[in-house]
Structures are given as structure tokens and as C-alpha cells.
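Sequence positions, counted from 1, serve as the residue numbers for this chain. Note that the structure is predicted; figures quoted are calculated from it, not measured. Read the numbers this way: they start at 1 and go in the same order the structure lists the ligands and their atoms.
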Amino acid sequence: MPANKFAASNDWWKHAVVYEVYPRSYGDSNNDGTGDLNGITQHLDHLAKLGVDAIWITPCFPSPQVDFGYDVSDYRNIDPQYGTLADFDGLVAEAKKRNIKVILDFVVNHTSDKHRWFLESEQSKTNPYRDYYIWRDGKGPGQPPNNWTSTFGGPSWTYSDTTSQWYYHFFYPQQPDLNWRNPKVEQEMFDVTRFWYRRGVYGFRLDAVDTLFEDPNLTDNPPVPGTDAYGMPMQEHIHDHSPAEVHAELRNLRKVANEFPGRVLIGETWTDTPEQLAEYYGPNNDELQMPMYFNFTKVKTLDANEFRQKVAAIEANPVHGWPVYVLSNHDIRRYVDRYGNGENKDQIAKLMSALYLTLRGSAIMYYGEEIGMENNDPKRVEDVKDVIGKKGWPKEIGRDGERTPMQWNTSVNAGFNKGATPWLPVDANYPTHNIATESQDPNSVLNWYRELIRLRRSNPAFYGGSYFSLTDTDPNIMAYLRKSPTAATVVILNFSAQPQTIALDSSKIGTSTGTVLLSTDRQLKRINLRKLRLAPYGVVIASVHGKATHTAAGVTH
Ligand code: GLC
């Protein structure tokens, strides 16, 4: 596919499709059962053909792998099981040839307990690295400093005999929280980003940003009834977060990113409201360019009203931050498994991709989405690799299911490697759902994604147009107009398992007919907007040339 016309601009990310790669599971070039960087490099042609602008690689740095890389023991190197710095440079160079930018994952909240800083820190109260982490006295013998519980089970504090103090960890005990109030930590971490920017990295996805700071007084969290999946008493996680300080620090990280043109900061920003999300852009658009909007992932059923309302809330975003849509990732069940009661997965893949790839904003997709990969969940606790799944079974089964090997072809292990047992089992649907087989089928999910991304790239209504909803309350259909000064398209999506007929208000569109650009109905060429029949989960994307009469509030860029 030709380069995105924005590829050279500093705002390239605004029109981008970012593709998340989980390196353990993408391609295993040395056939040891675990994916590696060369395995990603080998598959760059697939990514170029798909039309992605950037890949975000989840942590590939040296790590004891307690949390599969989210426990970093050295921020400036590559874990030997994934390769070397030279392999990384090779990946960046090969990606560049294909107009693909590389984004890394920056685990900002914590390090591994095997990081040199922590090994020093736990030695003595006077060690120069002591204040790199959060050490406190307990409330009394055997009692942690407060009642905070870890999101990964158990108390958030672990006792160290060496100095008779406790250290804080929002996640596993093997992931001690960094003390960002220490200017030395700040500078070390800023320099880590510079190290990678200089190596040609185009930005970072910032891991768990909202947990960067806690209440300095360590006030107890208010208890709420019940226990969590790990048997701990529930509590409101109020005091283990300190949003104001997080925002100030993000502005600092952004200043460092601004030293390098075109660099982008993406955030793992779990928020409840669009207002909270808006804050992550910064008061002067000086924090994250791309805070992820996760609320699509919280919608439990295919309800057009819910998705429409969520888009409306984002479109009304008071700071006009650039939206960033996400449907699945390495922590969330694949979306084809979340909807449809296990049926119609390919249709749902086409429907949901048509939604988030035609909205105003950037899109972050998860590897395997483009072939309709499903969750392959462990059936027995003995098979679980993800520690939260071992600890929380069966209430919390962990995240293995959404992390299984990428499916390339019909050969052994779906072409992930040459036959070594993969670290997680390949899904049983690989004979039909893989890149090679789907490439041959014009109606496959893969060819749908390719066409959709090509359309998104080539049609000015998608890369620059405003958004205007054409349905208000229909529980089954979402329809909207995307319009730029030179192009107008309608997108019509049937969220239901039944055929639907819809009459759109052509006065809002300026015409009553459209020319189909892409549809799940391959025969459809022209449509009558006043009477349009959609198949179950049907999608129609059509160009409409009339003069629209509405004044959409969306921003045109
Ligand atoms: C983020 C990551 C997740 C990891 C956690 C702790 O939520 O996405 O995979 O376990 O942070 O680093």
C-alpha cells in the first residue's frame, strides 16, 4: 500500500492505524516456543499490506517475565529471549522502509524487583537508590503501612527483612512502584525515553499512567462490601491515585518528547467519563496526544445506542482532543468473543472494525484482529501462565486467552514457528483463520480489514471529515455522515442478528442516493438512503455527493 499521505508530518498519528504486537506471540524466528523481534521483522510485509502506520510493541526489555515484560529489569536493552539491540535496530530500519513507525511500551509506574535500582534500594535505608522506591514503616509489628490492596491480589505492601520496612507495589510484589517525587527518578526515566527516541522510536505507549502517584499521607482507602477475585476485602481505590501529580508529570514527559519531532505519547488511560479523558490531553494540549478511549471495551452487548452515545460523548469533548479508539488488547478479551454469544464472529469482526476504523480519530488495533482471531482461554488452572489467572482462578482466569500465537498459515503451529511447543496453545480455528488462507478469500475478515484501511486512508471524508450522527435512538442501527470539504460518506451499521430496513433523513445528507464504497453485501453498488435493507450485522459505506444541510459540530482538520 502507498504511504499514508501524512506519514512525514509531525501529526502523522492523527490519521494513523496503530497495530499492537505482543512480541511473545507474533513470530518465533528461532523456534524456541516464544516470539521474538526477528519474528516481527519477518512479518512486516503483512503489516505493510494491511496498511498500518505504526506498530506498538509491548515490553521487549530484559525482564524476569513475571508479568511477561511489564516487570522491566533494564530499560535500555532487549531481553535475550526476544533478541538483541542490533535486532531491534534492524526491525526499525526494515519497518521504516515500509513506512511503518515503531512505538515502544514504557512501563513508568514500576520496575522489576530485579532492576539494579531496586536491588540497591533494598540494601539499606541510606543506599543512594533507597528513595527510588516507596519504603515505609509498618503501622505495627507485621502490619503494612496502610490498607491498600494490589490490583493483582494481596496487600500493596511487601515487607523486607533487610531494613525492616515495607515497599509499595500497585501490581505484583515483583513490580515495586517507582518514586516519581524523586527528581533523580524523573531524570533517569526522561533519559530512557531519549535513548529510544535517538534510536528511531516514534513514541511510547505509557503503561498504567494513572497509578504513577499516590497520596503522600498514605490515607487508608474506604472499605466497600465484598471481596475481590483474590479474596481481599474490597475498597474504593481513591488514595492510591493522585491525578493532579500525574498530569503535571505527563506535561514533563511531553516536553521531552517535544525535543524530537513527530514523537507521540499514547496513554493507557482507563477513565470513566469523557471529562476525565479530556484531562489527559492537558490544559494546552500539552500532555498526551493519544490517551486511549477504553469505554468501547466496557460495552457488554451490541447495542447501537450505547456505542452511539459513547461516540457522541467523545465528539462533544470540551478540549477537542483527538479521539483514540480501541476495541481489544492484551489485557481485554478479544472483541469477537465479547459479543454475539460465540456466534457470527466473522460478521461481528467486520461490523466492529467498520465502526472504529471509520470514526474521526486514530485507531489502535490488536494483532490477530485482522483475521478474526478468537480468545483461546485455558480450561484448567494447571495450564494458566498469567499469574493473576493462577491466583484468581476461576473468578479471574487471567489474560492468556487473548495472547495466543498469531496464525499465519495452515502449517504446524499455524506458522508461528517450525514446531517447538508455543508458550501458549494455538487456537483451534487456525486452519480457517490465518493470513495465508484468508488472503485467498475475497470475503475474509482479512480482506475486509485491508479494504477498510485502504478506504480510511484514501477517502478525505475519513481522514479529515467531521462526524454527524444520522440515527438518534435506533437500538439496532448506527448511521453517520463523515464529511470533509471535498468528500462525504455515510456509514451504516446493523448491530443486530436480524435484517433491518432503515430510512435515513436525506435532507440531512443532501441526497437520497449513494455509491457503495465498501459493503458486506458484495453485490450492492448503489443505495437508496430512504429505504435501505441491511443483512444481519450488515455494513454499508457509501459516498454521497449531495450538499449536506447540517452544520456538524465536529472539527475538520
Ligand atoms: C498494564 C499492562 C498490563 C500489565 C500492567 C502492569 O495494565 O497493560 O498488561 O500487567 O500494566 O504493568
Side-chain angles (χ1 to χ4, degrees), residues 18-26 35 55-75 79 103-115 118 133-134 148-154 156 158 168-178 180 189 192 204-214 228-230 237 240-241 246 265-271 280 288 290-294 297-298 324 326-334 364-367 375 384-392 396-404 423-424:
V18 177
Y19 181 103
E20 179 188 355
V21 177
Y22 199 70
R24 296 183 77 76
S25 301
Y26 207 60
I55 52 173
W56 144 36
I57 307 173
T58 63
C60 51
F61 316 104
S63 161
Q65 305 289 336
V66 172
D67 193 17
F68 298 117
Y70 283 96
D71 46 326
V72 177
S73 55
D74 179 358
Y75 286 99
D79 192 299
I103 290 174
L104 286 179
D105 207 312
F106 192 27
V107 187
V108 280
N109 176 67
H110 48 268
T111 69
S112 158
D113 63 341
K114 299 292 181 286
H115 193 291
F118 189 75
Y133 297 87
I134 300 161
W148 295 352
T149 54
S150 160
T151 193
F152 281 176
S156 292
T158 292
Y168 174 68
H169 49 88
F170 187 78
F171 297 95
Y172 294 128
Q174 295 91 336
Q175 294 170 304
D177 271 47
L178 283 163
W180 275 82
M189 295 298 267
V192 167
F204 290 96
R205 174 264 190 187
L206 303 178
D207 182 58
V209 272
D210 58 328
T211 60
L212 220 48
F213 288 90
E214 307 72 36
D228 67 19
Y230 315 99
H237 285 274
D240 44 5
H241 293 78
V246 170
L265 295 179
I266 305 175
E268 190 200 8
T269 40
W270 287 97
T271 50
Y280 276 108
L288 306 177
M290 292 177 67
M292 293 184 203
Y293 179 59
F294 277 114
T297 72
K298 298 178 189 167
V324 181
V326 178
L327 285 176
S328 302
N329 72 18
H330 65 284
D331 298 325
I332 307 169
R333 294 186 70 67
R334 289 184 178 274
I364 303 187
M365 59 181 288
Y366 186 44
Y367 83 92
N375 259 60
V384 175
K385 297 279 188 327
D386 187 14
V387 180
I388 57 170
K390 293 184 197 191
K391 287 166 81 169
E396 168 60 71
I397 65 167
R399 300 160 291 180
D400 294 350
E402 54 262 30
R403 298 174 174 180
T404 57
W423 79 288
L424 286 175

I'd like to know whether Q65 forms a side chain to side chain donor-acceptor pair (under 3.5 Å) with D79, so could you lay out the CA-CA distance, the side-chain angles of the two residues, the decisive distance to 0.1 Å, and finally the verdict. CA-CA 10 Å; Q65 305 289 336; D79 192 299; 3.2 Å; yes

Can you tell which of Y26, Y367, Y70 makes a ring pair (Phe, Tyr, Trp, His ring centres under 6.0 Å) with H330? Y70

In chain order, what residues pass the ring-ring contact (aromatic ring centres under 6.0 Å, His included) check against F106, with sequence neighbours excluded? Y75, F204

Sorted by chain and residue number, the residues having a heavy atom closer than 4.0 Å to an atom of ligand 1 are D67, Y70, H110, F152, F171, Q175, R205, D207, E268, H330, D331, R399, R403

Does any donor atom in the side chain of S150 or H169 lie under 3.5 Å from an acceptor atom in the other side chain? no

Could R205 and Y19 be counted as a cation-pi pair, given that NZ or CZ must be under 6.0 Å from the ring centre and within 45° of the axis? no

Carefully, step by step, assess Q174 and D113 under the rule side chain to side chain donor-acceptor pair (under 3.5 Å). CA-CA 5 Å; Q174 295 91 336; D113 63 341; 5.7 Å; no

